[in-house]
K.L.:
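Pasting a structure here, questions to come.
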Amino acid sequence: MDLGVSEDHFSRPVGLYQASDIQQLRQAIEECKQVILELPEQSDKQKDAVVRLIHLRLKLQELKDPREDEPNMQIISEHRFYKEKSKSAKQVCDKCSTIIWGLIQTWYTCTGCYYRCHSKCLNLITKSCVRSKVSHQSEYELTICPEAGLDSQDYRCAECRAPISLRGVPSEARQCDYTGQYYCSNCHWNDLAVVPARVIHNWDFEPRKKLRQDILLMKPYFITCKEAMEARLLLQLQDRQHFVENDDMYSLQDLLDVSSGRLGASLTDIHTMFAKHIKLDCERCQAKGFVCELCKEGDILFPFDSHTSVCQDCAAVFHRDCYYDNSTSCPRCMRMSLRKQAQEPEDATWQQ
């Protein structure tokens, strides 16, 4: 049984484990490599020496890439880079496409577009922050692939200005279907995404537009109703805040939901819930309904009902058939006009 008597416990550790500066580490790495070559293949000692070599190389990289002296935040090409504190996660540098070893390497992430890179790659970045671009020009490109030609770019990448050509020399020219411009392989990764212009030019939104118009007509009832505010009914649209502001704005996610059928189903459910509160559940909201003044018959009317028409001047609500048959006059408008005429002589007398 081997009690370890023959082992030299006082021999120098392989690879100078106490090395502290770059020169000593390089010398230790060379010695460790030589020991690995002299040890028997696949032996436990050779495996231990390989582990020591890896640790020495990581230590050398750490000395080459110090983290203490670097600022926590840097602004480069409109990116706002913050130093990451995570040491366990393995990330990939978006600049050099190699692994970021968080344990021994300093790395940064842009808070706007989440671009990640080594600290040593920061000054090599040519790609500007996407979020910053959008903030400067927030409107979608609505022309399908507005190509101007590679010659208009002087045969250079639209992002980093590196030389490109359709023949792939010195770098392959890749066209973006959204901007119509050409990019090098470092800036264009052949990713796939929905193109807004192709979506907008091929879809019809009339049924959904009617639902959205009804929701806008329901909004005044909710903001003046205590029960609706307590129930937070409008929060049903918290993921689509623009739906309670106008009826003609769509986000790209809205368009994707139209394609899948989720938007229509969601709007229908919300419309039904809102109408039920106003017309059935809440007495206060019911009291704000209208009676058709043209026929003075039927149930209480609301501006979002499908069989009604709304006066554009005074917002009174009528049965659609009644309104079209008497389109030359609105009883409420006539009353308001007579009241105004009656007040004018009184105002003139008071001024005298």
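Nothing here was measured: the structure is a model prediction, and the numbers come from that model.
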K.L.:
Using atom types as modelled and distance alone, determine if a side-chain donor or acceptor of H242 lies under 3.5 Å from a backbone N or O of D248.
P.N.:
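Side chain of H242 to backbone of D248: no pair is present.
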
K.L.:
Using the salt bridge (charged side-chain N to carboxylate O under 4.0 Å, His left out) rule, collect all pairs that involve residues 329-338, keeping only residues at least two apart or in two chains.
P.N.:
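As it turns out, the salt bridge (charged side-chain N to carboxylate O under 4.0 Å, His left out) pairs with a partner in residues 329-338, which skip direct neighbours, are E293-R335.
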
K.L.:
CG of L233 to CD1 of I223: how many Å apart, nearest 0.5 Å?
P.N.:
13.0 Å

K.L.:
Show, in sequence, the C-alpha distance, side-chain angles and deciding distance for L122 and Q74, and conclude whether the side chain to side chain contact (heavy atoms under 4.5 Å, CB included) test is met.
P.N.:
CA-CA 9 Å; L122 283 176; Q74 297 192 49; 3.4 Å; yes

K.L.:
Keeping K95 on the side-chain end and L124 on the backbone end, is there a donor-acceptor pair under 3.5 Å?
P.N.:
yes

K.L.:
Please report the interatomic distance CE(M73) to OH(Y108), rounded to the nearest 0.5 Å.
P.N.:
10.5 Å

K.L.:
For a 4.5 angstrom cut-off between non-hydrogen side-chain atoms, does L150 reach I164?
P.N.:
yes

K.L.:
Between C157 and C184, which heavy-atom pair has the shortest distance, and what is it?
P.N.:
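Here C157 and C184 meet closest at SG-N, 3.4 Å.
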
K.L.:
Can you find a pair of side-chain heavy atoms, one from F274 and one from I215, that are under 4.5 Å apart?
P.N.:
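Counting from C-beta outward, F274 and I215 do come under 4.5 Å.
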
K.L.:
Hey, could you give me the CG/CZ distance between L301 and R320, rounded to the nearest 0.5 Å?
P.N.:
11.5 Å

K.L.:
How close do F302 and G289 get, heavy atom to heavy atom, and via which atoms?
P.N.:
CE2-CA, 3.6 Å

K.L.:
Please confirm whether the backbone N or O of Q181 pairs with a side-chain atom of T179, one donor and one acceptor, at under 3.5 Å?
P.N.:
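Yes; judged by distance alone, with no hydrogens or angles, the pair exists.
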
K.L.:
Among residues at least two apart in sequence or on other chains, which ones pass side-chain contact (heavy atoms from CB on, under 4.5 Å) with S266?
P.N.:
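With sequence neighbours excluded, S266 shows a side-chain contact (heavy atoms from CB on, under 4.5 Å) to I270, given in chain and number order.
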
K.L.:
Answer yes or no: does atom CZ of R284 have more than 12 heavy-atom neighbours from other residues, nucleotides or ligands under 6.0 Å?
P.N.:
no

K.L.:
Can you tell me how far apart CG (D214) and NE2 (H271) are? Round to the nearest 0.5 Å.
P.N.:
3.5 Å

K.L.:
Checking the side chain of Q105 only, and the main-chain atoms of H118 only, is there a donor and an acceptor separated by less than 3.5 Å?
P.N.:
no

K.L.:
Would you confirm whether T268, through its side chain, and G264, through its main-chain N or O, come within 3.5 Å as a donor-acceptor pair?
P.N.:
yes

K.L.:
Please confirm whether the backbone N or O of M249 pairs with a side-chain atom of N246, one donor and one acceptor, at under 3.5 Å?
P.N.:
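Such a contact is found between N246 side chain and M249 backbone.
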
K.L.:
Any chance you could lay out the side chain to side chain contact (heavy atoms under 4.5 Å, CB included) test for L263 and F243, step after step, and finish with the verdict?
P.N.:
CA-CA 12 Å; L263 182 61; F243 277 25; 3.8 Å; yes

K.L.:
Verify whether the ring centers belonging to F222 and H277 lie closer than 6.0 Å.
P.N.:
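Aromatic pair counts; centres sit under 6.0 Å.
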
K.L.:
Can you check whether Y155 reaches P163 side chain to side chain, under 4.5 Å on heavy atoms?
P.N.:
no

K.L.:
Look up atom NZ in K47 and atom CG in L39, then write down how far apart they are to the nearest 0.5 Å.
P.N.:
12.5 Å

K.L.:
Is any side-chain heavy atom of R52 less than 4.5 Å from a side-chain heavy atom of I29?
P.N.:
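They are not in side-chain contact.
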
K.L.:
Any carboxylate oxygen within less than 4.0 angstrom of a Lys/Arg side-chain nitrogen, looking at D94 and R116?
P.N.:
no

K.L.:
Counting only heavy atoms not in D151, do more than 12 fall under 6.0 Å of its CG?
P.N.:
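Yes.
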
K.L.:
Is any NZ, NE, NH1 or NH2 atom of the basic residue among K279 and D299 found under 4.0 Å from an Asp or Glu carboxylate oxygen of the other?
P.N.:
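D299 and K279: not salt-bridged.
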
K.L.:
Give the minimum heavy-atom separation between C117 and I100, together with the two atoms involved.
P.N.:
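What the structure gives for the nearest pair is C-CD1, 4.0 Å.
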
K.L.:
So which heavy atom on C32 is nearest to which on L56, and how close?
P.N.:
CB-CD1, 4.3 Å

K.L.:
With a 4.5 Å limit on heavy-atom distance, are the side chains of V92 and T98 in contact?
P.N.:
no

K.L.:
Would you say H319 and C295 make side-chain contact, with heavy atoms under 4.5 Å?
P.N.:
yes

K.L.:
Give me each pair satisfying side chain to side chain donor-acceptor pair (under 3.5 Å) with a member in residues 217-230, each pair once, sequence neighbours excluded.
P.N.:
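For residues 217-230: T224-K288.
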
K.L.:
Identify the heavy atoms of G180 and Q175 that sit nearest to each other, and give their distance.
P.N.:
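G180 and Q175 have their closest heavy atoms at O-NE2, 3.3 Å.
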
K.L.:
How about Q312: does its CD atom have over 12 heavy atoms from other parts shown lying under 6.0 Å from it?
P.N.:
no

K.L.:
Test side chain to side chain contact (heavy atoms under 4.5 Å, CB included) on E31 and Q27; report intermediate values, then the result.
P.N.:
CA-CA 6 Å; E31 292 183 7; Q27 180 181 353; 3.4 Å; yes

K.L.:
Under a 4.0 Å N-O cut-off, is there an ion pair linking E172 with R174?
P.N.:
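The answer is yes: the pair qualifies as a salt bridge.
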
K.L.:
Check for a donor-acceptor pair, side chain of R80 on one end and backbone N or O of C129 on the other, with a separation under 3.5 Å.
P.N.:
no

K.L.:
Between S251 and D254, is there a side-chain donor-acceptor contact under 3.5 Å, judged purely by atom types and distance?
P.N.:
yes

K.L.:
Could you give the distance from SG (C285) to CE (M218), rounded to the nearest 0.5 Å?
P.N.:
11.0 Å

K.L.:
Can you see which heavy atom on T308 is nearest to which on P303, and at what distance?
P.N.:
OG1-O, 3.8 Å

K.L.:
Would you call the rings of F318 and Y323 parallel, tilted or perpendicular if under 30° counts as parallel and over 60° as perpendicular?
P.N.:
parallel

K.L.:
Quick one: are H188 and Y182 in side-chain contact, heavy atoms under 4.5 Å?
P.N.:
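They are not in contact (no side-chain heavy atoms under 4.5 Å apart), so the answer is no.
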
K.L.:
Would V317 and C292 count as a side chain to side chain contact (heavy atoms under 4.5 Å, CB included) if you check the C-alpha gap in whole Å, the side-chain angles of each, and the deciding distance to 0.1 Å?
P.N.:
CA-CA 7 Å; V317 181; C292 178; over 6 Å; no

K.L.:
Using only atom types and a distance under 3.5 Å, with no angle test, would you say the side chain of Q46 pairs donor to acceptor with the backbone of I36?
P.N.:
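Such a contact is found between Q46 side chain and I36 backbone.
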
K.L.:
Within 45° of the ring axis of Y250 and under 6.0 Å from its six-membered ring centre, is that where the NZ or CZ of R212 lies?
P.N.:
yes

K.L.:
Taking C-beta and beyond as the side chain, do I75 and F81 meet within less than 4.5 Å on heavy atoms?
P.N.:
no

